[in-house]
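Scroll down for the structure; my scribbles are underneath it.
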Amino acid sequence: MPFPVYSRNAPLKEHVGPVHVVTYNTTGQYILSGGQDRKIILWNPNSSKVVKSYIAHGYEVLDIAVSYDNSKFVSCGGDRTIYLWDVTSGSTVRRFSGHMSRVNTVDFNADASVVASGSYDAKVRLWDTKSSSQRPIQLLEEAKDSISSLQVVGSQIITGSVDGYVRVYDLRMGQVFEDLIGSPVTSVKDSTDGACVLVSTLDSTIRLMDKSNGTMLQSFKGHLNKEYRIRSCFGDNDVYVISGSEDGKVYAWDMLSGRMVHELKGHGEKVISCVAYHPKNPQMVSCGTDGSIQVWDYT
Amino acid sequence: MSRKRPLSTTAQQALSNSDSLFLGTPIADADQNSFTPVWKQEARDERGRKRFHGAFTGGFSAGYFNTVGSKEGWTPSTFKSSRTERAEKKTLRVEDFMDEEDFADQRADEKLVATAAFSAIPQSSSLKDSETGLQEVFRGAAPGTESVGYELLKKMGWKPGFGIGPLKSQVVAGRKVMLPPRADEASSFGVKLARKTNKHGLGYDSDVLSIQSSDQTESARGAWLAPGTISVKKNNGIGVGVVNEYEDGDDEEDPYEIKPIAYDRALGSKKQKPISGGSKHVFVSKTKAKARAAGTITTSKLRRCHDGRPPLAGFVLVVSGSLASSSMLTNEKEYASPSIPETYVPGILILRDPKTVLTPQLIADFERSRKSSSSAQSSSVYHQQRLSAAERSRILGSAQDHLQGKSVFDYMTPEQRERFAKVTGNQALPPAKSEVGPERNSGNRNEAALLELIPTLDKHQASTALSAGFMPYADDHEKRARYIAYLESQSGTGPVSHLLTFMKSSDSDTTAGKLKVEDWMRELKEFNKAAGLFRPLKGMLANRFTSSANTATTKTSVVEDDSTVLLQGASLSKGATDREDVSAAKLGMYGPLTRRVNAWAPSSLLCKRFGVRVPNMSAVEVSSGSEELKASARERLELLSHRTLLNIAKEADMSEEVTKRLESQNVDSGDGSKINVEVNEALEQKKAPRDLFLAVFGDSDEDDEKE
């Protein structure tokens with residue numbers, strides 16, 4: 001499928017201040033974005049219209065994850081709390097607190113019964129949404145430094161930490177696989193087939209690591225990532241690897257060859273902190289520190 | 001105060017005034033107008049004692065009045081008695097010891113019992129000779145006197161020698177005469193005076209027809225009526241009296257007799273006609289016979305339940321046990337079991353590593369090996385087991401293997417078997433083979449039993465204990481020799497029977513240096529425990545300790561090789577233990593060098609939420625770079641990290657308790673959220689073995705504190 005390279009619509013500038021995270025829901029109909037202004041906005045990418053605003057955080061919103069049925073989403077941020085929202089009513093269903101510093105990343109498990117959150121305090125807490133317990137089900141303390149990114153895939157929890165390790169916790173096997181990447185990890189993303197992990201690190205490199213033995217399958221360079229958390233993702237059913245950059249461009253590589261195929265200018269010269277690809281269609285969205293969110297289409 | 005009412009008016013006078021009606025009873029006070037102040041009004045109970053004493057008036061007399069004892073009881077009495085003035089004898093009354101409640105209790109416990117003269121049941125339960133059951137009852141109460149019951153009966157016309165019961169007709173001198181029953185006859189009471197040893201209810205008569213013999217009840221149906229009723233003659237003609245016993249000579253029927261309960265009757269069953277059972281010979285047509293044989297009864301006559309009524313609508317009577325009953329009552333169809341090919345040999349393919357892919361090649365391999373040999377083989381990929389129960393029991397060393405397949409009757413003589421058959425009434429017992437049991441020689445048995453009692457030690461453990469540089473019992477060489485012999489026997493380098501030589505063969509054996517049996521056993525157990533403690537340091541633990549002998553060697557090794565210096569220096573210094581994987585990562589050589597696999601136990605709730613089974617943590621493999629020298633950043637910070645401890649424990653083959661305890665601690669630390677209120681692990685863990693306690697806290701030989 002063709003790569004979405006055209007920024008047809010004007011960027012959405014609802015947020016005031018940097019936008020830290022943007023994500024599609026599971027069908028791709030909506031986008032949720034969260035930023036420094038403590039707001040979470042739900043909006044329709046095709047019409048560029050704001051559907052709903054969720055305001056509850058006391059500090060900036062750093063990550064959002066949507067449940068499998070699109071009825072709930074969870075957000076985390078600088079106020080050390082994780083908020084579980086109901087999409088339609090717009091109210092907070094639950095609040096999980098326990099982290100000792102800002103919560104950098106959050107994700108649901110497959111049936112949205114567990115929320116995993118990773119924080120600057122180097123711990124990953126696993127919360128139970130089904131009970132009303134105030135304490136996490138389990139605490140993952142293996143990391144030595146801030147958890148920058150995590151993802152729950154099936155029965156595995158993949159975490160990336162500033163200590164340079166990517167840790168895959170396998171519940172079925174009862175094991176944790178720690179892979180040293182070398183430099184601080186800013187983003188982890190599981191591939192669709194579950195065989196590899198896309199790891200972005202602060203040495204301006206994105207690596208595709210094999211989960212089974214820890215070898216590196218491919219590396220992607222060309223972008224700039226030295227200071228900020230830049231997120232990367234797969235595109236078009238793992239054909240492309242897409243990442244933001246600190247130089248204001250969105251980069252796309254061919255996954256198999258590692259060759260850079262696209263360089264898209266979008267957000268001025270500002271850092272593009274997060275990119276997300278549509279679950280089905282050739283569309284993607286990127287957000288940056290200039291406060292704008294850009295939707296990219298293929299026509 | 002002026003009184004408004006005239007003094008002369010009293011209640012009676014008021015009543016006598018007939019023009020006004022008075023309701024109720026007037027207060028019959030002698031002086032209605034008397035007035036006593038409250039403090040003069042005294043409350044007394046029925047015995048004249050004061051009520052509302054002490055606490056009520058604000059006085060300090062709690063427990064003083066109206067208690068057991070007297071006023072004098074509270075003040076100590078000085079006993080004074082002289083020749084002129086004698087002291088009173090203190091007569092104590094019951095009231096001094098018992099109060100109202102006690103009296104009430106006593107009254108409640110009183111029972112009315114008949115005295116000997118009046119008691120119906122004789123005091124001694126044994127029958128005196130030449131007494132029938134009845135006469136026992138009327139035995140005289142005291143010699144010379146008669147029991148009261150006796151006298152009462154005589155008053156009523158009874159003569160000694162007769163029994164009790166209704167008059168019976170007897171033929172005397174050719175005539176029927178009503179005579180009272182004879183004393184020695186069986187009592188016609190409902191209640192027998194024999195001692196009751198059964199569990200039936202009182203009045204139960206086993207002669208009464210029970211449910212089982214339903215055929216008999218049919219014929220007697222007309223005679224039996226509903227339980228507990230008085231039989232009434234059928235001809236309810238007017239003028240027929242109830243008591244007609246003398247008319248038709250059916251003297252046996254006592255109209256007031258209460259028949260015993262017939263359990264086979266149902267209410268309203270009088271009108272039923274008995275079903276033609278086997279007693280009547282009825283022509284049964286062929287079709288009916290066939291239907292009956294098949295089990296389904298379709299004809300109208302047979303379509304009735306045993307009480308004569310047809311079954312409920314929609315139900316069909318089916319004879320139990322027939323084909324129809326099994327197939328009709330259940331909707332299941334019967335399917336034939338699958339046919340097993342002739343060449344099938346049962347076998348189980350167990351893979352060593354669950355991750356191996358089951359290729360057709362592998363399966364063919366397995367099939368081939370299975371068919372070729374019959375014993376249990378093992379290969380690197382799979383191992384097969386084709387053990388029978390007998391083989392398994394042999395491998396497990398179960399004591400019963402020599403008793404496999406034998407029954408008690410094998411050891412019995414035919415006479416014993418006959419006795420069994422007679423007693424149980426069951427002739428179908430297995431035949432008796434008078435076999436002899438396996439263990440017959442008592443001499444060897446003792447030895448064999450003793451050998452069995454020797455505590456076993458793991459072979460590996462025993463050999464490591466043997467190779468330890470330090471042997472205990474330095475002061476007792478003989479004991480040390482025995483210890484070494486024990487270790488050798490357990491590690492396989494020495495015979496076990498040698499241990500028996502240390503033991504006195506019998507109580508009369510007085511050889512020096514030999515131990516009595518109990519001491520010997522105790523010593524062996526001690527050796528067993530000691531073997532666990534005195535072992536050489538290995539692995540990681542060895543790294544932590546150096547003995548004086550080793551320092552020389554380390555010096556030389558440092559000087560010898562630059563690379564080893566580097567390596568050793570690297571291992572000891574703080575920042576460089578990760579060099580291997582860090583450098584590998586720097587070079588881009590991602591793979592086994594950069595990868596670490598550790599065990600991580602997900603909590604059970606987490607597994608439940610994710611829908612996966614809790615992994616078996618003991619089967620989890622752990623791999624890391626180089627075990628001993630490499631220490632992770634966290635371990636650098638701890639003096640002895642938990643993981644190191646665990647590894648040390650595992651390597652040093654420490655007792656299972658210790659490793660288990662360490663492991664359990666590990667699991668709990670990662671799972672800080674679960675708090676089980678009912679279990680407190682800190683309190684419930686097993687105590688360390690006594691030897692450990694003694695070693696740590698036991699008495700030491702030298703003086704502890706000299707200061």
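So you know, we letter chains A, B, ... as the sequences are listed, proteins then strands, and number each from 1.
Around CZ of A:R172, the count of heavy atoms belonging to other residues, nucleotides or ligands within 6.0 Å does not exceed 12. Remark: A:F234 CZ is packed, more than 12 non-hydrogen atoms of other residues, nucleotides or ligands lying under 6.0 Å away.
Across all non-hydrogen atoms, the minimal contact from B:A585 to A:G182 is CB-CA, 4.2 Å. Summarising the geometry of A:L171 relative to B:P602, their closest heavy-atom pair is O-CG, 3.7 Å, with the distance given to 0.1 Å. A pairwise comparison of heavy atoms in A:S113 and B:R609 identifies OG-O, 3.4 Å as the closest pair.
The distance from atom CG of B:L606 to atom CD1 of A:I137, rounded to the nearest 0.5 Å, is 5.0 Å. In this structure, A:M173 CE and B:M617 CE are separated by 10.5 Å, a value rounded to the nearest 0.5 Å. In this structure, the separation between OG1 on B:T594 and CD1 on A:I181 is 7.0 Å, given to the nearest 0.5 Å. Taking CE of B:M589 as the start and OG1 of A:T215 as the end, the distance is 12.5 Å to the nearest 0.5 Å.
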#### Entry: B:W600/A:E142 under side chain to side chain contact (heavy atoms under 4.5 Å, CB included): CA gap, chis, key distance, verdict
CA-CA 10 Å; B:W600 169 69; A:E142 278 77 9; 3.8 Å; yes

### Task
Step by step, work out the side chain to side chain contact (heavy atoms under 4.5 Å, CB included) result for B:Y590 and A:L180.
CA-CA 8 Å; B:Y590 295 103; A:L180 175 65; over 6 Å; no

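A:L126 touches chain B through its side chain: at least one heavy atom from C-beta onward sits under 4.5 Å away, while N, CA, C and O do not. Of the two parts of A:D179, the backbone and the side chain both hold a non-hydrogen atom closer than 4.5 Å to a non-hydrogen atom of chain B. Neither the backbone nor the side chain of A:D203 comes within less than 4.5 Å of any heavy atom of chain B. A:R125 does not touch chain B: none of its heavy atoms, backbone or side chain, sits under 4.5 Å away. Heavy atoms closer than 4.5 Å to chain B are found nowhere in A:D163, neither backbone nor side chain. Using a 4.5 Å cut-off between heavy atoms, A:S212 contacts chain B through its backbone alone, with no side-chain atom that close. Interface remark: A:V166 contributes no atoms to any contact with chain B (heavy atom separation under 4.5 Å).
Between the B:R595 side chain and the A:K211 main chain, a donor and an acceptor come within less than 3.5 Å of each other. Using modelled atom types, one side-chain atom of A:Q138 and one backbone atom of B:A601 make a donor-acceptor pair closer than 3.5 Å.
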